[in-house]
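Down below is the structure, laid out as structure tokens.
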Amino acid sequence: MADLLLELFSEEIPARMQAQAAKDLERLVVGALSDRGLLFEGAKAFFGPRRLTLAIAGLPAKQPDVSEELKGPKVDAPQAALDGFLRKTGLTKEQLKIEKTPKGDVYLAVIARKGRDTAQVLAEILPEAFAKLPWPKSMRFPGSAVRWVRPLHAIVATFDGEVVPFEFAGVTSGNVTHGHRFLSSGPITVRRFDDYVDALRKAHVVLDAEERKAIIFEGVKQAAFVHGLEMIPDEALLDEVAGLAEYPQVLIGAIEDQFMDVPPEILQTSMRTHQKYFSLRDPKTGKMANRFALVAATVASDAGKEIVAGNERVLRARLSDAKFFWDQDRKRTLESRVDDLKGIVFHARLGTQYQRAKRVATLSQFIAKEIGLINVDAVIASRAAMLAKADLTTGVVGEFPELQGVMGRYYVMHFSHEQVVADTVRDHYKPLGPTDSVPTNKITISVALADKLDMLTGFFVNGEKPSGSGDPYALRRAALGIVRIILENQTRIHLFDAIEASGFELLVSKLDIRHDPEAMVFIDEIRESFRSHGSIFGPSASGKFVFEQIQEFSNPFYGQVVPELLSFIFDRLKVALREKGTRHDLIDAVFSLGNEDDLVRLVARVEALQSFLKTDEGVNLLAGYKRAANILKAEEKKDKTTFDGEPDPEALTAPEEKALYVELATASEMIRAEVERERFVEAMGVMARLRGPVDAFFDKVTVNDKDAKLRENRLKLLARLRATLHQVADFSKIEG
Amino acid sequence: MAKAKTFQDLILTLQNYWAGQGCLILQPYDLEMGAGTFHPATTLRALGPRPWRAAYVQPSRRPKDGRYGENPNRLQHYYQFQVVLKPAPKDVLDLYLGSVRAIGLDPDLHDIRFVEDDWESPTLGAWGLGWEVWCDGMEITQFTYFQQVGGIDCDPVSAEITYGLERLAMYVQNVEFVYDLAYNENFRYGEVFHQNEIEQSTFNFELADTDILFQHFKDAEKQCRELLEPNRKMALPAYDQCIKASHAFNLLDARGVISTTERAAYIGRVRALAKACCEAWLETPMGAYTPRFG
């Protein structure tokens, strides 16, 4: 058993590509080894700014010997066929075996392949594996026929301490590597992984990214602590800086007081995006501190004095720029910027950000009223929606797109101090991820829902639904956002109505009639025409819009977009509920009734159902239902009919079926009434009472009686049971 | 190594250093352009098989970056020091680091890093992979391995090194405000350029006549096309027109009269010109794949 050490030493690899490249390298080499029958004990890949390293332990010195059987022509085949086979296998006729098969005797060649030396195999497969490495971006460079992420300078490839010779990208493999770019000089000769790691450490290179991360994390923590501060956690930044330094050193710098009036979000974003500094805060107040932590890639001979001074100067310039934008942006109100949105395209087929803001504003107002806000508040929602995207035209957001919303809030507060509008401008993007909080103010809820619905409806109308892993517009996130906002706030809204309203806004936007007073006179008629799938003629007084355009939009909208979008949102609901431990078959059972678009009510129903099914009554009733449904299914198939009619009370004979008939009649009515009042737990209680009669019925009564009339009547009774339970949920979807 | 004390010391040091590496020391191109890359000594010479090594200062005009002389480091007119090495030598990063030492930035005291920054010029139809080089968190150089120019593969691949001279000088001189830079022993940068920044910013943002500029753009585009007609094929004068069109566009952009959608269209038009010029250049004896002169 022996070990393989590989290192690809190049010019600086982009931080964001390193981890995946190491994984890919491992996958490719390991795959090539197994293809050649070379098993091993363990493999570990490492990555850093200038090198990818792979260590594979416990490889055999040779491939195992194998024998391969190859079927040839039939024994009675023409000589030419046999000659061909002999040429192919390199054997003589005497060396062939004969195998009996159902089709007659055939020649069989048994070819023994001697296992080759592992080193020899490696020399072949390694360059092939490297060539397959899928860099997100790669380049040509002089002297190489293959592309690599940046010019490649050296390859270490040793097996059992000896060089595995090959060439790749114009570089000949060997046992020589290099240490830190500035803290080490001269080549380093290595033999095995252990001495390699030690040699690198002496040459100021920490090979393992996890170790570098730990050094940085601890370093920042310690240094902050000295100043009575703590670091603001930032895992992504930690990953990135660990990929930028082979020998990380943490240093602390100061932020000038003149910048501490600039919103902390701007400071933090500027430091993070441009300079990759960690922000620090006061652990007591949570307020951002006037200190930052930087990670240098070298150890300076003056203990980092110059480095800190330099970084402070750069930061001063950066923050001056940010402060300039912040000051400039506050010279114009957000209102005055709304018109500028006409110059920003949201999506080629969905118009400008201005058109989008208009749609969202109208839809927000609609939703606000639907969820019970008074008119004044609905108007505020619409105003907030109009302002919500205006910060996209500001200098700060131009510089730091991730501050959209956050900046809008500052600008609203600066000019008008409308707290609700300001909060809505900031929070209408929420929730930004599964762990982000949802807005709770009803005005904000209206805009947040409208914003997401407009995206979803728009892209679904365009046929750009997410597929598989492809979701470029983050529509799944938008749908999950809708689900979470509704459930966490217990917001009562009919999604169908909201989607319909959103679709109508999209139509109006596409017809481009919002600013056409002539056309707007007919807005109600157009809405009617849209709602009736274009079957009512749209007015064409201004000549700009016609019946065909409305119909062309509304037919696929109602036929396809609405059901697809509803089920897309329900899919997200299922995902969200599954995480809370709700059974997804129960969600299906309620959803497939087809008339439930109020998520709050749907979930209440599902939860009541879930508790019911945990009781004895529930379990037994479900069993009874399944039995009934199975019988019905079989008999309906046999008779090619359904038994959905009213059973004839006169034709009931057995006391158990009479009892069931009576119970069903009252239960059915009571369940209907309870469901109508959304008293789902009570509805389940009524269902529980059916358990006894159902059990007794199946105990004593033969459904498939010889008497055709009795049989039909009993089947109708079972159909009645099925229909009664379906008032609550489609029990056939329930598992177990 | 002693630090380059003045702005002009910095230029002289870099010139001497790169002259020592076998570079031609060229002079600035005499047209307004956004970056040293536009100089034909880079754009055109990066194409074709002939080896090339050149270094030069290029005044760079970025109308949108004007700040009326009030911003500590943003200028609408500044200097780039540009180096083109074709083919890119294997030790090009060491050569580059030699230049950093030459101007007095000692890696023993400073944190020098190569941070991913791929370069793309949509107007030139050019792109490459490389880094911005950081010194103590400040970008002091853009380093690029050219992959394509004018939509044409660069073969062999060149290395392009671009130093932002003012920023670098500010760093070396430990100056916060660009206008405080010592240009030489007797003059500050502000004495040479501050008035220019105020007036040119006013021109760029307020006074540039957009009708004239739109006409300039059209004229340059027309002239460029005409020069590239099959019976003419004047790659170099045509490329001058392409540079002029690009600058007219930059001014229009600064005046804020070009919408987002139009913007892409204008860039596309300049790119089409650049591409046509590059193609024509490759048919000239100097640019040709088949060298006709020694």
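Below, read A as the first sequence line, B as the second, and so on, with proteins coming before strands; counting in each chain starts at 1. FYI, side chains are in, hydrogens and waters are out, and symmetry mates aren't considered; it's all heavy atoms of this structure. Computed from a predicted model, the values in this text were never measured in an experiment.
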**Message:** Which one wins on heavy-atom pair count under 4.5 Å against chain A: B/Asp108, B/Asp106, B/Asp117?
**Reply:** B/Asp108
Atom [atom1] of [X] and atom [atom2] of [Y]: how far apart are they, to the nearest 0.5 Å?
| X | Y | atom1 | atom2 | result |
| --- | --- | --- | --- | --- |
| A/Lys137 | B/Leu129 | NZ | CG | 6.0 Å |
| B/Leu93 | A/Arg181 | CG | CZ | 5.0 Å |
| A/Leu251 | B/Asp111 | CG | CG | 8.0 Å |
| A/Arg316 | B/Asn73 | CZ | CG | 11.5 Å |

**Asked** Excluding sequence neighbours, so at least two apart, what forms salt bridge (charged side-chain N to carboxylate O under 4.0 Å, His left out) with A/Glu312?
**Response** none
**Message:** Show, in sequence, the C-alpha distance, side-chain angles and deciding distance for B/Lys90 and A/His153, and conclude whether the side-chain contact (heavy atoms from CB on, under 4.5 Å) test is met.
**Reply:** CA-CA 8 Å; B/Lys90 189 148 183 144; A/His153 282 263; 3.9 Å; yes
Taking side chain as everything from C-beta outward and backbone as N, CA, C, O, which of these in [X] sits under 4.5 Å from a heavy atom of chain B? Side chain, backbone, both or neither.
| X | result |
| --- | --- |
| A/Arg147 | side chain |
| A/Phe324 | side chain |
| A/Arg140 | both |
| A/Val299 | backbone |

Taking all heavy atoms of [X] and all of [Y], pick out the closest pair and write down the distance.
| X | Y | result |
| --- | --- | --- |
| A/Gln275 | B/Trp134 | O-CZ3, 3.8 Å |
| B/Ala88 | A/Pro142 | O-CG, 3.4 Å |
| B/His110 | A/Thr298 | O-CG2, 3.7 Å |

Where does [X] contact chain A at under 4.5 Å (heavy atoms): side chain, backbone, both or neither?
| X | answer |
| --- | --- |
| B/Glu176 | side chain |
| B/Leu97 | side chain |
| B/Asn71 | side chain |
| B/Leu109 | both |
| B/Arg74 | side chain |

Most heavy-atom pairs under 4.5 angstrom with chain B, which of [options]?
| options | result |
| --- | --- |
| A/Lys305, A/Met17, A/Arg16, A/Met139 | A/Met139 |
| A/Leu183, A/Val295, A/Thr352 | A/Val295 |
| A/Ala303, A/Pro151, A/Ala245 | A/Pro151 |
| A/Leu294, A/Val308, A/Ile307 | A/Ile307 |

**Request:** Report the C-alpha separation of B/Phe114 and A/Glu11 in whole Å, then their side-chain angles, then the decisive distance to 0.1 Å, and conclude whether the side-chain contact (heavy atoms from CB on, under 4.5 Å) test is met.
**Result:** CA-CA 9 Å; B/Phe114 296 85; A/Glu11 295 175 10; over 6 Å; no
**Item:** B/Val115 side chain near A/Lys276 side chain, heavy-atom distance below 4.5 Å
**Value:** yes
**Asked** Does the side chain of A/Arg313 come within less than 4.5 Å of B/Asp136's, by heavy atoms?
**Response** no
**Request:** Check whether NZ of the Lys or CZ of the Arg A/Arg150 lies under 6.0 Å from the centre of the six-membered ring of B/Tyr145 and within 45 degrees of that ring's axis.
**Result:** no
**Message:** Could you check whether any side-chain N or O of A/Glu12 sits under 3.5 Å from a backbone N or O of B/Arg113, counting only pairs where one atom can act as donor and the other as acceptor?
**Reply:** no
